[in-house]
Every structure is written in structure tokens, then in C-alpha cells.
Number of protein chains: 2
Amino acid sequence: MGTLQYAILGMLNRDSMTGYDLTREFQTSLFDFWTAKHSQVYPELKSLLEKGYVEYETEISGTALEKKVYTITQQGRDAFQNWEETAYPIKPIPKDEFRLQLFFSDAMEPEMRLKQLEYHLQQHRQRLEQIRKKQEKFDTIPPKEESQFCDYLVMQGAIHREESYCSWLEECINLCQQRKIL
Amino acid sequence: MGTLQYAILGMLNRDSMTGYDLTREFQTSLFDFWTAKHSQVYPELKSLLEKGYVEYETEISGTALEKKVYTITQQGRDAFQNWEETAYPIKPIPKDEFRLQLFFSDAMEPEMRLKQLEYHLQQHRQRLEQIRKKQEKFDTIPPKEESQFCDYLVMQGAIHREESYCSWLEECINLCQQRKIL
DNA sequence: AAAATACATGTCAAATGTTACATGTAAAAA
DNA sequence: TTTTTACATGTAACATTTGACATGTATTTT
């Protein structure tokens, strides 16, 4: 079973919700380590339904709008817990187009390389700021409540990741500038 | 055109080689930021050939083994350089199954979470060591020769990335242990 | 009252990537 | 001399993900 299905089970294990709600979660709370579009979410829900891991009830919003509110089943909970407690070998290194460009940058003007490095530094600084803003909503750090504590840990991870990316780019920029002088 | 095709053009821009050679590069020098299997490389070479970005000559190894040695064309060089000098917006955050597990770890025993964190720390420390070993082959740091300098920059990036992952995991472990005492 | 945005659910085609299938030669080690 | 490893090239089936197509309701803003 694919990871996305476990991500969905994990969300439903916290709370029953619709495909639309799940999609929103993938764009917000899960955004820093897993994303999915609604075009992926709905078919996966169907597949989970066939497996008996989730079930749904139809609710009416207003007078006509139908909502399918999905709930995890005991079977689903078992499958989720089994995944959650398994130590999987780490996945292959994530692909990074910019690193590829940098790797081949011996074929371009040093000035151009610097321009590229500065552009990407700016982009990652922006991303870092966005993540830091999310962190501000915690009133105590680290939070005491268990699920908030988990949120905090992964958010710290996202901050580490972006800080590290930025500091690497800064190091590259310094090395390129020293090189220019020599 | 997909990024993989530019990666191939980039390699061929440095030197003519076979699909087999390219596949080896994806498993070694490019491994820390881009990978591809031979089952992807051969069809992409075919596609690049149709676009007129590469051409090949058949060589015989020994008495019968046929090799297709691919060379980049001027058109291919132009396309590559255009990609190389374009500042693309940064890609969506890479997916990370372990972060997903950690995010949902409020549903498991704190002891289990610690076990998972320690397992992943060990895995990433191993990966870090492997990358550091690669770095040892540079005799001057940073290297003076241009293409080696680029290799060095991306390798520093890989080291930063893994160091940052490890330090995050260490921080998580500390926070979890403090939590256990309270 | 109209327009814009959010809510809500789906499908389809295309791109990307992995694993397995399929075949054969050349060189090195046992 | 046999076996194993490296060299060499492809295809096919499957899984994952994205972007576009398709439709309609409810709420909020102008």
C-alpha cells in the first residue's frame, strides 16, 4: 500500500472528514513533508473503501450539497498502526534540480553562477520565513499537548532543512566570491 | 522537456558516452541530487536523438559487443545552456515518509517514537559518512579546477543536508527524553 | 443583485519513475 | 575452465503524481 494511503488513514485516525478536508490538510498542516491534490485524494479514498479501511456517511450541506464524511474502521486503524510502528529503510536522496544546475555550472560564466545562487538563496529564505510564521502559533515551546508536540517536531525539521539549505547557499556564494578575487 | 533530459545533456556536454556510462554516472557522481535507472536512460536518449540534441556512433567492443557512443550536437548544447542559465522557481518541498510517521506519532507510545528516531538517526549518520568519504578525494579544498569546484559545492550541499537531518533528529531525541522525565 | 471565492466530488491524459522481463558479450576471479 | 561480475541495450507492466477537464452548490464580498 502506498504512503499516501497511510497519510490519509493518519488524518482520519485523528478525525473523520471529507476528501475536500483531507486535500486542505495536504495543502496546510502536512505541506512541509507531504502533499497531494484532490485528484489523487478521491481515488485513494475509493481504494481504502474497497479495502475496508474506511467507511463514509453522506451529509447534506445547506439544501443540496452532498458531502461524504469518511471515518476510519478498526481494520484501518490496525493497518495504520502497523505502518506507523514499522522502521522503514530511508528513501533515496530527493531530487534537486538546482543542485543539478550547479553541478554543471562549470560550463557557465562565474557571474551567472553567482546570480543563480543568489536567486535561490532568496527563494529559500522566503520559504524559511513562511515556515517560521507557522511556528509562531505555538504558545509554549515545545508544546505540552501530545499531537501539538508532534507538529512542533516536524516543523522544527522543516526549519532545520531550510536553514541548512540557506547556509549552504551562503557558503557557496562566499566561495565563489573568494575565487573571483584570486 | 523534463529535467532528466537536461541531466543527460549536461553529462554529454562534458564528454561523449554510452547509455550504460550515463547510468553509471547517475549511480555515482550525480547520486546525491539526481538518479535514474537504465530503463529510463535509454528511452530518454531515444527522445533526445529524435529532437536532434544528440547523435551516436556505433563502436565494437572486443569482437561483437555493440556500443552506442552518444555525442551532444550544437542544438543540444544550445538547449542545455538555455536550461542551465534559467532561474526556475524552487520545486515543492520533497516528500519524506519518516516525517509523516513522526507527525502522526502522537498515536503511539513515546518509547516507540524514541526507537524510531534513533533508528533514523543511525541511518542518516551512515549516509553522511558515505558522503564524507567521497569528499576525501579532493586534494585541495576547495578545488581550483572549475568542474571539480562544482562537484565540491554540491557535495558540500549533500553534507549540509545530512548534517542538518542528523542534528534535527538529535534535537527531537533530546526533547522526547526531557518530556519523559517531566 | 451580481460576482467572486470557497465548498464539494469526481475523471482522464500525460509525465515520471520503479521493477521485472529479456538477451547477450567481455573480462576477471576462482 | 568455469563461474561470477561488469559491460551493454532494450521493453513492458505498474505505481505515483500533476494538470486539465467537468460539474455543481454555498457563502461572502462588492
Side-chain angles (χ1 to χ4, degrees), chain A residues 1-8 11 16-28 30-31 33-51 54 56-70 88-97 100, chain B residues 1-8 11 16-28 30-31 33-51 54 56-70 88-97 100:
Chain A
M1 206 168 93
T3 305
L4 176 54
Q5 298 203 359
Y6 291 109
I8 291 172
M11 291 308 300
S16 293
M17 62 184 94
T18 66
Y20 188 87
D21 295 328
L22 283 163
T23 304
R24 200 202 300 100
E25 292 301 315
F26 282 115
Q27 286 159 7
T28 54
L30 303 180
F31 188 76
F33 46 93
W34 208 275
T35 61
K37 309 282 171 73
H38 78 276
S39 56
Q40 228 187 331
V41 170
Y42 291 115
E44 297 290 23
L45 278 169
K46 202 178 163 187
S47 163
L48 287 167
L49 191 71
E50 281 159 12
K51 291 193 185 92
V54 302
Y56 72 88
E57 276 181 38
T58 304
E59 279 186 18
I60 307 291
S61 256
T63 53
L65 188 63
E66 288 192 357
K67 289 205 289 185
K68 290 183 179 175
V69 182
Y70 285 86
Y88 294 100
I90 56 175
K91 291 282 176 305
I93 283 153
K95 290 182 166 63
D96 186 331
E97 188 169 15
L100 196 60
Chain B
M1 207 169 94
T3 305
L4 177 54
Q5 299 204 356
Y6 290 109
I8 292 172
M11 291 309 300
S16 292
M17 62 184 93
T18 67
Y20 187 88
D21 295 328
L22 282 163
T23 305
R24 201 203 300 101
E25 293 300 316
F26 282 116
Q27 286 158 6
T28 54
L30 302 181
F31 187 77
F33 46 94
W34 207 277
T35 61
K37 310 281 170 74
H38 77 275
S39 56
Q40 229 186 331
V41 170
Y42 290 115
E44 297 288 22
L45 279 170
K46 202 178 164 187
S47 163
L48 286 167
L49 191 70
E50 282 160 11
K51 290 192 185 94
V54 301
Y56 71 88
E57 275 181 39
T58 304
E59 278 185 17
I60 307 291
S61 255
T63 53
L65 188 63
E66 288 192 357
K67 288 205 289 183
K68 291 183 179 175
V69 182
Y70 286 86
Y88 294 99
I90 56 175
K91 290 282 175 307
I93 283 153
K95 290 182 165 63
D96 186 329
E97 187 169 14
L100 196 60

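To find a chain, count down the sequence lines: A is the first, B the second, and so on, and within it residues start at 1. Fair warning: this is a prediction, and the values are worked out from it, not measured in the lab.
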Check: Heavy-atom distance under 4.5 Å between the side chains of A:Thr35 and A:Gln27, does that happen here?
Finding: no
Separation of C:dT18 atom P from B:Lys95 atom NZ, nearest Å, is 14 Å
Mind checking whether B:Met17 and B:Arg24 have side chains closer than 4.5 Å, heavy atoms only?
no
Contacts of B:Lys37 meeting side-chain contact (heavy atoms from CB on, under 4.5 Å) (sequence neighbours excluded), chain-then-number -> B:Ser39
Residue set satisfying side-chain contact (heavy atoms from CB on, under 4.5 Å) with B:Phe26, at least two apart, ordered chain then number -> B:Leu4, B:Ala7, B:Ile8, B:Leu30, B:Trp34, B:Ala36, B:Val41
Exercise. Would you say A:Thr23's side chain and A:Gly19's backbone share a donor-acceptor pair under 3.5 angstrom?
Worked result: yes
When rounded to whole Å, the NZ to C1' distance for the pair A:Lys37 and C:dC12 reads 15 Å
In numerical order, the residues of residues 57-65 of chain B whose heavy atoms come under 4.0 Å of DNA chain D are B:Ser61, B:Leu65
Q: Kindly indicate whether the side chain of A:Leu45, heavy atoms from C-beta on, has any atom under 4.5 Å from the side chain of A:Tyr70.
A: yes
Contact check, residues 38-46 of chain B vs DNA chain C, heavy-atom distance under 4.0 Å, returns B:Ser39, B:Gln40
Rounded to the nearest 0.5 angstrom, the CG-CD distance for B:Leu22 and B:Glu44 is 11.5 Å
Whole-Å distance, A:Leu22 CG to C:dG10 P, equals 12 Å
The answer to which of A:Ala36 and B:Tyr70 contacts DNA chain D further toward the 5' end, by nearest nucleotide, is B:Tyr70
Rounded to 10°, the helix from C:dA1-D:dT30 to C:dA30-D:dT1 deviates from straight, judged by its five-pair end axes, by 40°
Assign each of A:Thr3 and B:Lys68 the nucleotide of DNA chain D bearing its closest heavy atom; nearer the 5' end lies the nucleotide of B:Lys68
inquiry  = Are B:Leu48 and B:Met1 packed together at the side-chain level, in the sense that at least one heavy-atom pair is separated by less than 4.5 angstrom?
reply    = yes
When rounded to whole Å, the CZ to C1' distance for the pair A:Arg24 and C:dT9 reads 14 Å
Atom CG of A:Asp21 and atom C1' of C:dA6 are separated, to the nearest Å, by 12 Å
Separation of C:dT9 atom C1' from A:Lys67 atom NZ, nearest Å, is 13 Å
Between A:Ile93 and B:Phe33, the two heavy atoms sitting closest are CG2-N, 4.2 Å
TODO: Report, as yes or no, whether the 6.0 Å neighbourhood of atom NZ on A:Lys51 holds more than 12 heavy atoms from other residues, nucleotides or ligands.
DONE: yes
A:Gln5 and A:Ser47 have their tightest heavy-atom pair at NE2-OG, 3.0 Å
key: Whether over 12 other heavy atoms sit under 6.0 Å from A:Phe31 CZ   = no
Any side-chain heavy atom of A:Lys67 within less than 4.5 Å of one from A:Thr58? no
5'-most to 3'-most nt of DNA chain D touching chain A (<4.0 Å, heavy-atom partner on protein side) reads D:dT16 to D:dA26
